There are 2 protein chains.
Amino acid sequence: MSEAGTSAGRPRSEEAHQAILDATLELLAEVGFSALTVEGVAQRAGVGKATIYRRWAAKLPLVIEAFNQLPGLEEADTGNVVDDLKQMLQSYLQLFNSTPLATVLPSLAGERAHNTDLTALFDPVTKQRRQPLIRALERGVERGELPKDLDLDLAADLIVGPIAVRLFFTGRKVNPRIVGPIVDLALRGLANPRP
Amino acid sequence: MSEAGTSAGRPRSEEAHQAILDATLELLAEVGFSALTVEGVAQRAGVGKATIYRRWAAKLPLVIEAFNQLPGLEEADTGNVVDDLKQMLQSYLQLFNSTPLATVLPSLAGERAHNTDLTALFDPVTKQRRQPLIRALERGVERGELPKDLDLDLAADLIVGPIAVRLFFTGRKVNPRIVGPIVDLALRGLANPRP
DNA sequence: GGGATTACGATACTATACGTTCCGTTCTTA
DNA sequence: TAAGAACGGAACGTATAGTATCGTAATCCC
């Protein structure tokens, strides 16, 4: 295991490294996690299989690193909960429509159900991705836009859920147009402590 | 292709047929769609591979028939939208907690993203499963509990989404306790035309 | 009841595809 | 220029899907 700096000899190609990660993401989107093969990645990346095994011991750590290359949710802080949420969910959907995320995520989520190794990877990642949303809701509570006893996780699920369901069950692209109504509907329920 | 009735000779064993379907569901829950092998099903069911291939040409139609054996959502009609929805979602969760559905569904949904054959199967099934929910909402509209211009699909997603997200990403059994708050929150938003 | 017919479980077989390792070559450093 | 490490490609062993075949068991029809 020679890290850079110690060594004489030919250094590892950063170009190959990136090509492998890119190919992994592409194939992950095309065929899914379980049908992803190291051989396929090598061919797509134009490298030998040994070049992959020299860097990653197995498929899972490779997929982990590739998945973490996908951009995260950009936090919005406009001073208004509704605008924050709408803006963040718009970015969210643009992300899904412009990256392999829309196909990669369902595949990983589906695999998560029976692959405990993948579960260990995946759960922290999904929790991480919710954080900007949670923080926006917290700011709303602080500003008095939302009740103090709001269940933040439930609120986040109420907002993310409808979009996730459409992504998972009804094809690929989700129209960003639906973000407005979803946030309005959800917030109308969340903001009023009792009817 | 001899259907029953035409033939002399030993009839196909209905016991083996059912054992194959049961084994398919079990393995589907344990290892997922893509890792499901006909050989594995044969071993689990205690039948020869030929017995399976004699009935199903490939893995997909077998999975289809097995999946369709899982029970559907029981419709509730109490005369009140909120109660209808709460009752139906309770059944929904009990179904998930007592059948392999909680692991089978994410696996199929994940596979759906890159398997067009499975997509063709899966989309009508999911649409079908929403129908009782949609009808309950329609009754609510008719009774004046919900606005006439309600987007039924959006409303259904708003209610199912939060539960689905928890099932897909947290894996553990979902506490039926959350149904009440979810329906209350969602309906509070849906029922009031404008804040 | 007996013969014909079909399904049964089990096993052998072929082709394919995968993970992993090995090899001759290329690149970089000292 | 020599040494060392990574490179792409190819070779090797393993596993699995799918098919064919075996002897046996069950059912129908005469």
Side-chain angles (χ1 to χ4, degrees), chain A residues 1-24 26-28 30-66 107 111 114-115 117-118, chain B residues 1-24 26-28 30-66 107 111 114-115 117-118:
Chain A
M1 303 296 157
S2 63
E3 286 300 318
T6 315
S7 53
R10 181 176 180 175
R12 289 192 183 167
S13 163
E14 186 54 40
E15 193 179 357
H17 195 92
Q18 193 58 46
I20 293 168
L21 290 176
D22 291 346
T24 301
E26 288 177 24
L27 282 176
L28 209 50
E30 289 175 19
V31 304
F33 176 81
S34 45
L36 182 83
T37 67
V38 174
E39 181 143 16
V41 173
Q43 285 179 7
R44 176 73 59 105
V47 306
K49 283 196 276 185
T51 302
I52 298 179
Y53 280 105
R54 201 171 290 119
R55 295 151 200 262
W56 296 277
K59 186 165 80 170
L60 193 56
L62 169 61
V63 169
I64 291 174
E65 188 165 338
S107 173
E111 198 70 18
H114 15 260
N115 186 331
D117 294 337
L118 186 53
Chain B
M1 304 297 157
S2 62
E3 286 298 319
T6 315
S7 52
R10 180 176 179 173
R12 290 191 181 168
S13 163
E14 187 53 41
E15 193 180 357
H17 196 91
Q18 193 58 46
I20 293 167
L21 290 176
D22 291 345
T24 301
E26 289 177 24
L27 282 175
L28 209 51
E30 290 175 19
V31 304
F33 177 80
S34 46
L36 183 83
T37 66
V38 174
E39 183 142 15
V41 173
Q43 284 178 7
R44 176 73 61 104
V47 306
K49 280 199 285 183
T51 303
I52 297 180
Y53 281 107
R54 200 172 290 122
R55 295 153 199 259
W56 296 277
K59 187 165 80 171
L60 193 57
L62 169 60
V63 169
I64 292 173
E65 189 165 338
S107 174
E111 199 69 18
H114 16 260
N115 186 331
D117 293 337
L118 187 52

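Numbers restart at 1 for each chain; the letters A, B, ... are given by sequence-line order, proteins then strands. Quick caveat: nothing in here was measured; it's all calculated off a predicted structure.
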**Q** Nearest whole Å is fine: how far is C:dA17 C1' from A:Lys59 NZ?
**A**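 One finds 13 Å between C1' of C:dA17 and NZ of A:Lys59, rounded.
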**Q** For a side-chain contact (heavy atoms from CB on, under 4.5 Å) check, start with the C-alpha distance between A:Asn115 and A:Phe33, then their side-chain angles and the critical distance, and finish with the verdict.
**A** CA-CA 11 Å; A:Asn115 186 331; A:Phe33 176 81; 3.9 Å; yes
**Q** Nearest heavy atom decides the nucleotide; on that basis, is B:Ser13 or A:Gly40 closer to the 5' end of DNA chain C?
**A**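 Upstream on the strand: B:Ser13.
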**Q** Any N or O donor-acceptor pair under 3.5 Å from the base of C:dG19 to the side chain of A:Lys49?
**A**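 Donor-acceptor pair under 3.5 Å: yes.
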**Q** Let me spell it out: for each of B:Ala50 and A:Gly46, pick the nucleotide of DNA chain D with the closest heavy atom. Which residue's pick is nearer the 5' end?
**A**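 This one resolves to A:Gly46.
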**Q** Let me know the distance between CD1 of B:Ile52 and P of D:dA17, rounded to the nearest Å.
**A**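 So the two atoms are 11 Å apart, to the nearest Å.
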**Q** Separation of B:Glu15 atom CD from D:dA25 atom P, in whole Å?
**A**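 So the two atoms are 16 Å apart, to the nearest Å.
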**Q** Regarding C:dT5, can its base be found pairing with the side chain of B:Arg10 as donor and acceptor, where the two atoms are less than 3.5 Å apart?
**A**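 There is none.
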**Q** Nearest whole angstrom, please: distance from the P of C:dC27 to the CZ of A:Arg54.
**A**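 Between P of C:dC27 and CZ of A:Arg54: 15 Å.
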**Q** Whether B:Thr37 contacts D:dT16 is assessed here as follows: a side-chain N or O lying under 4.0 Å from the phosphate OP1 or OP2. Is that the case?
**A**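 For D:dT16, neither OP1 nor OP2 has a side-chain N or O of B:Thr37 closer than 4.0 Å.
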**Q** Check every strand shown and say whether B:Ala42 touches a base, only sugar-phosphate, or nothing at a heavy-atom separation below 4.0 Å.
**A**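 No contact.
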**Q** Provide, to the nearest angstrom, the distance between the CZ atom belonging to B:Arg12 and the P atom belonging to C:dG9.
**A**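 Those two atoms, CZ and P, are 12 Å apart.
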**Q** Please give, in whole Å, the distance from C:dA17 P to A:Leu36 CG?
**A**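 Computing the A:Leu36:CG to C:dA17:P distance gives 16 Å.
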**Q** Which atom pair, heavy atoms only, marks the closest approach of B:Ala42 to B:Gly48?
**A**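 In this case the closest contact between B:Ala42 and B:Gly48 is CB-C, 4.1 Å.
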**Q** According to a strict under-4.0 Å criterion, is B:Thr51 in side-chain N/O contact with OP1 or OP2 of C:dA7?
**A**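 The answer is no; no side-chain N or O of B:Thr51 sits under 4.0 Å from OP1 or OP2.
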**Q** Rounded to the nearest Å, what distance is computed from the CZ atom of residue A:Arg44 to the P atom of nucleotide D:dG9?
**A**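 So the CZ-P distance, A:Arg44 to D:dG9, works out to 16 Å.
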**Q** Thinking salt bridges, do B:Arg44 and B:Glu30 make one under a 4.0 Å N-O criterion?
**A**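 B:Glu30 and B:Arg44: salt-bridged.
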**Q** Where do A:Arg55 and A:His17 land on the side chain to side chain donor-acceptor pair (under 3.5 Å) test, with the steps shown first?
**A** CA-CA 8 Å; A:Arg55 295 151 200 262; A:His17 195 92; 3.0 Å; yes
**Q** Could you tell me the separation between the OH atom of A:Tyr53 and the P atom of D:dA6, rounded to a whole number of Å?
**A**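 Nearest whole value for this atom pair: 18 Å.
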**Q** Please check if the side chain of A:Thr24 supplies one atom and the backbone of A:Ile20 the other of a donor-acceptor pair under 3.5 Å.
**A**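 It does hold such a pair.
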